A.B. asks: 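Quick one: this structure, given as structure tokens, is what I'll be asking you about.
The structure presented is a predicted model; accordingly, all values stated were derived computationally and were not measured. The analysis underlying the following values was restricted to heavy atoms, covering all of them including side chains, and did not include hydrogens, waters or symmetry mates. Chain letters run A, B, ... following the sequence lines, proteins first and then strands; every chain starts at 1.
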There are 2 protein chains.
Amino acid sequence: MTQKVTIHDVAQQAQVSVGSVSRALNNYPHVSEELRSRVMAAALELDYQPAFLANGLRRGQTNSVGFLVGTIANPVISTIFEAASEALSDHGYAVTLLSSRNQAQLDVACLRLLARRQVSGLIVSSAAESPEPARRYVGELGIPTVMLDREATSDELVYAVQSDHESSMRQALAHLISRGHREIAFIGGPEDFYPTRQRCLAYQAALLDADLPQRPELIRFTSFNERAAYAEALLLLQSGTQPSALIVAGNIILAGALMALQDLGLVVGRDIALVACDDINLTRLYRPPITAIRRDLKLLGVTAARLLLRGMQVELNEIERIIKLPTELVLRESTQYARALPHKAPAARKEGAIRTTLN
Amino acid sequence: MTQKVTIHDVAQQAQVSVGSVSRALNNYPHVSEELRSRVMAAALELDYQPAFLANGLRRGQTNSVGFLVGTIANPVISTIFEAASEALSDHGYAVTLLSSRNQAQLDVACLRLLARRQVSGLIVSSAAESPEPARRYVGELGIPTVMLDREATSDELVYAVQSDHESSMRQALAHLISRGHREIAFIGGPEDFYPTRQRCLAYQAALLDADLPQRPELIRFTSFNERAAYAEALLLLQSGTQPSALIVAGNIILAGALMALQDLGLVVGRDIALVACDDINLTRLYRPPITAIRRDLKLLGVTAARLLLRGMQVELNEIERIIKLPTELVLRESTQYARALPHKAPAARKEGAIRTTLN
DNA sequence: CGCTAGCCTGAAATCGTTTTCCGCGCCAGA
DNA sequence: TCTGGCGCGGAAAACGATTTCAGGCTAGCG
């Protein structure tokens with residue numbers, strides 16, 4: 001009923017052959033103006049829309065890209081996805097989103113599924129604990145792929161967009177150190193998860209630069225799971241060396257850490273300084289507002305989409321295969337007080353307004 | 001290179017015809033065990049995967065469903081989506097996600113696009129300001145569709161899963177009234193947005209039940225935009241009648257309202273009681289924790305997926321076309337203090353721990 | 001022993017496009 | 001006048017599967 005009108009109907013309506021209809025509608029050269037307009041009129045009248053499947057079968061291509069994530073229920077991922085999806089959509093590509101549920105074996109299964117569906121391109125931002133098999137499989141696939149804030153591979157057709165986690169992390173540590181903190185703890189995701197590793201390396205490098213001791217017991221890795229992060233934070237905060245500052249890498253981990261702090265009766269900004277590694281509603285609106293490392297998520301998504309588009313169309317004239325985008329440290333009250341200073345009253349209202357400003 | 005192995009290769013390898021290969025692999029009856037195993041072996045050896053496009057063209061169906069949202073960058077939507085997507089994925093369906101960017105005209109365009117791609121089913125949870133054209137178009141499409149927390153239509157093949165916004169909203173009002181509040185304000189999304197309307201009707205009904213006056217100036221509608229919500233909340237709070245309690249319908253609006261409260265120096269739970277209409281990280285972790293109406297988002301998503309699956313397979317034996325799922329009021333500190341009581345110290349740590357417990 | 005019913009399988013039609021191939025007419029140049 | 005080239009458009013192949021159709025074989029029954 002809905003999709004009954006085929007190219008044959010249009011051909012009959014316009015009194016031409018199906019081949020001519022196809023040529024006319026696809027803007028081929030050597031089609032007379034008269035025939036073209038006749039076909040256009042017929043197509044318009046019948047509300048003809050070429051069948052996607054037949055088109056794709058013949059052309060060997062689907063005009064759709066697969067997007068693989070560990071979970072979409074994460075404000076950072078979903079914001080990036082939305083931006084990328086809109087950019088791709090503007091170029092006629094539809095996006096099928098697959099979630100690997102943060103499981104490595106599903107990772108590869110999802111990629112297989114997408115390959116079977118003959119997606120024209122892939123964006124991969126999965127967060128499996130052992131990403132290696134998936135990365136290797138992506139290389140074998142021969143499909144243009146953008147690794148999104150993940151480690152690049154040397155395979156042809158595999159591109160990468162990354163955030164510059166290092167520089168802002170070093171800024172964050174410089175900031176904390178300047179405020180007198182020396183026991184600065186770090187809680188990240190899995191140790192081999194790319195952003196976590198980058199942040200952790202920068203954290204260690206910054207300590208080294210400041211001639212501060214590396215304390216292994218202050219570095220904790222956990223999985224992307226609020227309960228696990230909560231437990232790890234609790235362990236850290238109840239261990240012998242009580243840190244005076246805490247850096248949490250990732251918003252799920254932030255949630256767990258905040259719960260641990262609250263359960264221990266530690267007040268953020270007074271008893272302990274807190275830096276978060278992504279700027280989300282929670283960091284802006286929390287009382288006190290939480291210092292965070294911000295990146296332009298929409299830019300990240302759009303850049304991934306553009307890189308993929310370039311990779312999918314053949315006109316790729318000497319394009320960068322790996323792009324690294326800047327990040328920014330946003331100072332807020334959670335790191336405002338210097339160490340060992342007594343708790344002061346919150347800042348005046350006006351200042352508060354500025355700090356919690358939109359964006 | 002990747003997808004070169006076709007059914008002909010398998011047929012040649014197994015020394016049978018292509019028709020037999022198809023029958024063997026699709027578990028047709030009347031296929032000898034010997035032939036079946038021979039084909040299986042050949043398929044396995046060649047790593048044959050039937051071409052999705054050819055299969056779909058012949059069968060006239062894609063095994064994929066379209067999911068239309070206003071924006072996926074919303075923790076409530078993305079959680080629902082993920083649950084639905086996983087359930088559909090478990091049954092062999094892939095989901096292509098389209099965002100209408102909260103624009104009505106894009107709404108219809110997105111649906112057209114999905115229809116052209118011959119999706120086998122649709123889940124619609126768009127949030128355009130004027131949803132009517134889209135709803136009508138969905139009915140004309142003749143594709144099994146689930147309206148997700150949106151108004152149902154009387155069209156055949158159109159189903160609906162909704163949350164029972166009314167009962168919890170009435171509970172919330174009863175709770176606030178029992179604490180002495182009489183000037184209870186309501187800020188919602190667009191007036192014709194289904195959840196907003198349901199909540200607002202319940203709000204008004206509850207006031208009526210309690211013999212409290214309806215004050216039109218305490219009911220505000222805004223759009224799904226943090227800035228707009230912020231502005232509207234500011235207007236409300238600075239108008240003549242200062243409400244002692246505030247109900248915000250939706251998490252984007254919550255963010256705007258919290259900013260307005262903070263900018264006015266109003267402390268949640270002390271100067272004003274606050275009830276949020278979706279329980280997200282922010283409501284749990286905010287200080288003080290915010291009383292919220294909770295619903296099982298995963299159940300919502302899974303139910304939508306199951307309803308759609310039933311609608312897509314022909315075996316629909318007298319199934320409910322509209323399902324309404326329960327909601328629940330979660331009491332937290334933001335509504336703990338009775339009106340006009342002086343500000344007391346926060347609850348003891350232990351109690352706090354219980355209140356911010358996971359789930 | 002012959003006929004039929006039923007299982008099994010190969011050949012071919014089919015899905016709706018795109019694209020190749022070919023032929024027709026026309027015009028210009030020899 | 002013949003011919004080669006070019007613009008145009010029709011016919012049919014191709015894409016890769018599923019499904020129909022028909023026929024061969026076996027077994028069972030008269």
A.B. asks: On the ring face of B:F52, is A:R117 found with NZ or CZ under 6.0 Å from the centre and within 45° of the axis?
C.D. replies: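 Yes, a cation-pi geometry holds between A:R117 and B:F52.
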A.B. asks: Does a side chain donor of either A:Q162 or A:Y194 reach within less than 3.5 Å of an acceptor in the other side chain?
C.D. replies: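 Yes - a donor-acceptor pair under 3.5 Å links their side chains.
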A.B. asks: Specify the separation, in whole Å, of atom NE2 of A:H8 and atom P of D:dG10.
C.D. replies: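 Taking atom P of D:dG10 as the reference, NE2 of A:H8 is at 13 Å.
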A.B. asks: If I take atom CD in residue A:Q49 and atom P in nucleotide C:dT17, what distance separates them, rounded to the nearest angstrom?
C.D. replies: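 So the two atoms are 11 Å apart, to the nearest Å.
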A.B. asks: Look for any protein N or O under 3.5 Å of an N or O in nucleotides 10-12 of chain C and output each such pair with its distance, or none.
C.D. replies:
unit_1, atom_1, unit_2, atom_2, d
C:dG10, OP2, B:S17, N, 3.1
C:dG10, OP2, B:S17, OG, 3.2
C:dG10, OP2, B:S20, OG, 2.6
C:dG10, N7, B:R23, NH2, 3.0
C:dG10, O6, B:R23, NH1, 3.2

A.B. asks: Is a donor-acceptor pair below 3.5 Å formed from side chain A:R58 to base C:dT17, judging by atom type as modelled?
C.D. replies: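 Side chain to base: no pair present.
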A.B. asks: Tell me the interatomic distance from B:R116, atom CZ, to C:dG16, atom P, rounded to whole angstroms.
C.D. replies: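 Going from CZ in B:R116 over to P in C:dG16 covers 15 Å.
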A.B. asks: Is a side-chain N or O of A:T62 found less than 3.5 angstrom from the main chain of A:Q118, in a donor-acceptor match?
C.D. replies: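 Yes: the side chain of A:T62 pairs with the backbone of A:Q118.
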A.B. asks: May I ask you to verify if any side-chain N or O of A:S32 is less than 4.0 angstrom from the OP1 or OP2 atom of D:dG7?
C.D. replies: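 It does not, given that no N or O in the side chain of A:S32 lies less than 4.0 Å from OP1 or OP2 of D:dG7.
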A.B. asks: Please report the distance, rounded to the nearest Å, between CG in A:N55 and C1' in C:dT17.
C.D. replies: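 Result: 6 Å.
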A.B. asks: May I ask you to check whether A:S223 and A:N225 show a side-chain donor-acceptor distance below 3.5 Å?
C.D. replies: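 A:N225 and A:S223 do not have a side-chain donor-acceptor pair below 3.5 Å.
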A.B. asks: Taking NZ, NE, NH1 and NH2 as the nitrogens, is one of them in A:D107 or A:R136 under 4.0 Å from a carboxylate oxygen of the other?
C.D. replies: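 No, this pair does not count.
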A.B. asks: Could you give the CD-to-C1' distance, from B:Q118 to C:dC15, as a whole number of Å?
C.D. replies: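 It works out to 10 Å between those atoms.
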A.B. asks: Using whole Å, report how far CD1 of A:I7 lies from C1' of D:dG10.
C.D. replies: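 That distance rounds to 13 Å.
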A.B. asks: Charged N to carboxylate O under 4.0 angstrom, A:D90 versus A:R306?
C.D. replies: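 A salt bridge is absent here (no side-chain N lies under 4.0 Å from a carboxylate O).
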A.B. asks: Can a donor-acceptor pair be found, under 3.5 Å and without considering hydrogens, that links the side chain of A:S125 to the backbone of A:L148?
C.D. replies: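 Flag set: sc A:S125 to bb A:L148 pair under 3.5 Å.
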A.B. asks: Within the pair B:N26 and D:dT18, is there a side-chain N or O less than 4.0 Å away from OP1 or OP2?
C.D. replies: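 True: B:N26 side-chain N/O within range (under 4.0 Å) of D:dT18 OP1/OP2.
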A.B. asks: Does B:E33 or B:R59 map to a spot on DNA chain C nearer the 5' end, using the closest nucleotide for each?
C.D. replies: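 Closest to the 5' end, via its nearest nucleotide, is B:E33.
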A.B. asks: Indicate whether OP1 or OP2 belonging to C:dT17 is found under 4.0 Å from a side-chain N or O atom of A:Y48.
C.D. replies: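 Answer yes for this pair, as a side-chain N or O of A:Y48 is under 4.0 Å from OP1 or OP2.
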A.B. asks: To the nearest 10 degrees, how far apart in direction are the end axes of the helix from C:dC1-D:dG30 to C:dA30-D:dT1, each fit to five base pairs?
C.D. replies: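 Helix axis angle between the two ends: 70°.
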A.B. asks: Can you check the A:E34 CD to D:dG9 C1' distance for me, whole Å?
C.D. replies: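 After rounding, the reported distance stands at 12 Å.
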A.B. asks: Any Lys/Arg nitrogen of B:R321 or B:D155 sitting under 4.0 Å from an Asp/Glu carboxylate oxygen of the other?
C.D. replies: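 B:D155 and B:R321: not salt-bridged.
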A.B. asks: Indicate yes or no for a side-chain donor-acceptor contact from A:T145 to the backbone of A:V158 under 3.5 Å, with no hydrogens or angles considered.
C.D. replies: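 Side chain of A:T145 to backbone of A:V158: no pair is present.
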A.B. asks: Taking the nucleotide of DNA chain C with the closest heavy atom to each, which residue, B:P29 or B:L57, is nearer the 5' end?
C.D. replies: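 Nearest-nucleotide comparison on DNA chain C picks B:P29.
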A.B. asks: Expressed as a whole number of angstroms, how long is the span from A:K4:NZ to C:dC15:P?
C.D. replies: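 Nearest whole value for this atom pair: 10 Å.
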